[in-house]
Amino acid sequence: MEVLSVASEAYPLIKTGGLADVVGSLPGALAAEGVSVRTLLPGYPRVLAGLDEAEPVAVFDNLAGGPARLLAGRGGGLDLFVLDAPHLFERPGNPYVAPGGTDWPDNPQRFAALARAGASIGQGVVPGYRPQAIHAHDWQAALLPAYLHYDGGARPGTVVTVHNLAFQGQVPASLLAALGLPPSAYTTDGVEYYQSIGYLKAGVRFADRITTVSPTYAAEIRTPEAGMGMDGLLRNRASVVSGILNGIDEDIWNPAADTALAAAFDAGRIAARAGNRAALQVRMSLAPDAACPLFALVSRLTWQKGIDLLLTALPSLLEVGGQLAVLGAGDGGFEDAMRTAAAAAPGRIGCFIGYDEALAHLIQGGADALLVPSRFEPCGLTQLCALRYGTVPVVARTGGLADTVIDASPMALAAGVATGVQFAPITAEMLEAAIRRAAALHREPATWQRMQTNGMTTDVSWRDPARRYAALFRDIAR
Ligand code: ADP
């Protein structure tokens with residue numbers, strides 16, 4: 001069957017977070033399930049530069065204030081449609097943020113145009129192409145089911161996936177006409193959302209199915225505590241809401257053949273990780289200590305990720321004799337605080353502020369434990385990479401972290417099934433306790449190695465998730 005995937009980013013063409021990983025990896029896994037995916041992306045310079053065999057397949061005379069066309073081709077290992085609309089997307093750098101750090105003021109129009117183009121593809125604007133289902137990712141694509149609804153007529157089935165409910169796409173009500181929506185759409189039962197227009201709200205309202213990226217997060221977002229204003233509607237639509245865990249790309253994340261590593265290894269050769277540990281210590285200016293627990297953080301540096309909790313817990317981490325390797329970028333305050341912490345603990349805390357794919361791989365291949373103290377986490381990918389690379393995840397018990405890590409409780413240790421350490425409630429004190437627990441487990445090499453092996457043999461691939469998505473698409477195919 002044919003599925004159109006619509007998103008604002010896809011690895012390796014353009015990435016700001018886990019969304020890009022999912023959009024880039026899922027099509028390959030779905031192919032094995034007999035589902036053929038084409039991905040619609042905005043024509044940012046980097047996407048256009050990565051597009052091969054481009055061929056114009058449709059033209060829009062006026063899309064959000066200018067002419068646009070759809071190009072079909074291959075790029076980044078994907079079958080692509082690219083929305084070539086220079087007035088919206090011919091801008092350098094980050095897809096959402098202008099140089100200077102604020103969102104592009106016309107983001108509402110830019111991503112409405114993406115959704116509009118996706119809806120038009122669903123209605124047959126590309127000769128010879130009719131997807132049976134459309135998969136719209138996050139708020140940037142979430143107006144798509146609303147366009148199909150208000151247009152009326154034949155349409156494919158629709159799935160909206162919420163990768164992070166914190167980003168909802170709320171825009172001024174005055175834009176209604178400019179977005180090409182009828183006056184009648186502005187009701188509680190339409191696209192209206194707290195006196196504005198809600199893109200994700202519209203998607204959740206009109207999609208045939210709503211998924212999010214873990215079963216626990218799917219349950220959490222239906223509660224007032226984690227629902228961020230949308231829990232009422234999500235409860236209302238509970239019968240079509242489900243959680244499907246993300247996987248990771250086993251070719252990109254393969255410790256036996258990873259060129260970013262100093263030493264290749266697998267579950268049968270865990271000792272070889274020592275070479276990566278030593279390389280990591282050199283790279284991050286950490287003391288060459290082969291025995292201490294080496295903790296790591298690979299993360300956006302934001303409140304969601306619990307960076308302030310980790311900053312509070314640093315003295316405890318040092319007290320148990322730990323080292324810390326930090327790779328991250330985000331809020332300036334957290335970036336500065338991490339640099340300061342590293343300067344105050346030379347040889348014990350190493351910090352690289354910035355985005356570095358290869359370093360992320362070396363960290364996963366060389367650290368002992370990965371810290372993920374997120375306040376909420378829809379799925380989380382870094383703990384999946386950690387499991388696969390024999391880095392023991394130490395995680396907050398929330399969302400996908402709760403679903404993918406088996407806590408080293410006395411029971412799980414006795415049964416030999418533990419893969420990591422979880423903590424709750426999500427406070428600095430409980431993170432400190434988790435760090436102490438991890439350090440104690442690390443002092444028992446047999447127990448630690450068992451946890452590593454359990455993690456490395458856990459299936460974190462896309463196989464099972466792809467089967468679930470394929471079943472969902474078949475359910476709603478039109
Ligand atoms: P989120 O999408 O909320 O940022 P995820 O855990 O779902 O978090 O995905 C984050 C992805 O980005 C992972 O693939 C992780 O390895 C990667 N990543 C995050 N920060 C960095 C960084 N500074 N350098 C390299 N990779 C990073």
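On a predicted model such as this, the values are computed, not experimentally measured, just so you know. Every number for a ligand or one of its atoms is a count from 1 in the order of the listing.
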Salt-bridge contact R91-D106 (side-chain N to carboxylate O under 4.0 Å):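 A salt bridge links R91 with D106.
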
Show the atoms of ligand 1 that are less than 4.0 angstrom away from any heavy atom in [X].
{"X": "K15", "value": "11 (C), 12 (O), 14 (O), 17 (C)"}
{"X": "G17", "value": "2 (O)"}
{"X": "D356", "value": "24 (N), 25 (C)"}
{"X": "G354", "value": "22 (C), 23 (N)"}
{"X": "K305", "value": "1 (P), 3 (O), 4 (O), 8 (O)"}

Could you find the nearest protein heavy atom to [atom] and give me its residue, atom name and distance?
{"atom": "atom 16 (O) of ligand 1", "answer": "T382 CG2, 3.8 Å"}
{"atom": "atom 4 (O) of ligand 1", "answer": "R300 NE, 2.7 Å"}
{"atom": "atom 2 (O) of ligand 1", "answer": "G18 N, 2.7 Å"}

(message) Using only atom types and a distance under 3.5 Å, with no angle test, would you say the side chain of T419 pairs donor to acceptor with the backbone of I406?
(response)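 A pair under 3.5 Å: yes.
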
| request: Without swapping roles, check the side chain of R348 against the backbone of G322 for a donor-acceptor pair under 3.5 Å. | output: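 Yes: the side chain of R348 pairs with the backbone of G322.
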
Donor-acceptor pairs under 3.5 Å, side chain of residues 376-387 to any protein atom, not counting sequence neighbours: which ones?
unit_1 : atom_1 : unit_2 : atom_2 : d
E377   : OE1    : K305   : NZ     : 2.8
E377   : OE1    : S374   : OG     : 2.7
E377   : OE2    : K305   : NZ     : 3.3
Q383   : OE1    : L381   : N      : 3.4
Q383   : NE2    : C379   : O      : 3.0
Q383   : NE2    : G380   : O      : 3.1
Q383   : NE2    : T404   : OG1    : 3.0

Quick check: do L51 and R74 have side-chain heavy atoms less than 4.5 Å from each other?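 Counting from C-beta outward, L51 and R74 never come under 4.5 Å.
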
Problem set entry | 4.5 Å side-chain heavy-atom contact, V82 and L48 |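 SC-SC contact between V82 and L48 confirmed.
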
Below 3.5 angstrom, do we get any N/O pair linking [X] and ligand 1?
{"X": "E357", "result": "no"}
{"X": "Q304", "result": "no"}
{"X": "L381", "result": "yes"}

Quiz: residues 289-302 side-chain donor-acceptor pairs under 3.5 angstrom, not counting sequence neighbours:
unit_1 : atom_1 : unit_2 : atom_2 : d
D289   : OD1    : A291   : N      : 2.7
D289   : OD1    : C292   : N      : 3.0
R300   : NH2    : Q304   : OE1    : 3.2

Proximity of D21 to ligand 1 by residue part, where a heavy atom lies under 4.0 Å: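 The part of D21 near ligand 1 is the side chain, not the backbone.
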
ask   = ligand 1 versus S299, non-hydrogen atoms closer than 4.0 Å: side chain, backbone, both, neither?
value =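 It is the backbone that touches ligand 1; the side chain stays farther off.
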
Does a side chain donor of either E357 or Y355 reach within less than 3.5 Å of an acceptor in the other side chain?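 Yes, Y355 and E357 have a side-chain donor paired with an acceptor closer than 3.5 Å.
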
_Which option wins on minimum heavy-atom distance to atom 19 (C) of ligand 1: W253, F167, Y355?_
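Residue with the shortest heavy-atom distance to the ligand atom: Y355.
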
request  = Kindly state whether the ring of W104 and the ring of Y96 have centres lying under 6.0 angstrom apart.
outcome  =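 Ring centres of Y96 and W104 not closer than 6.0 Å.
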
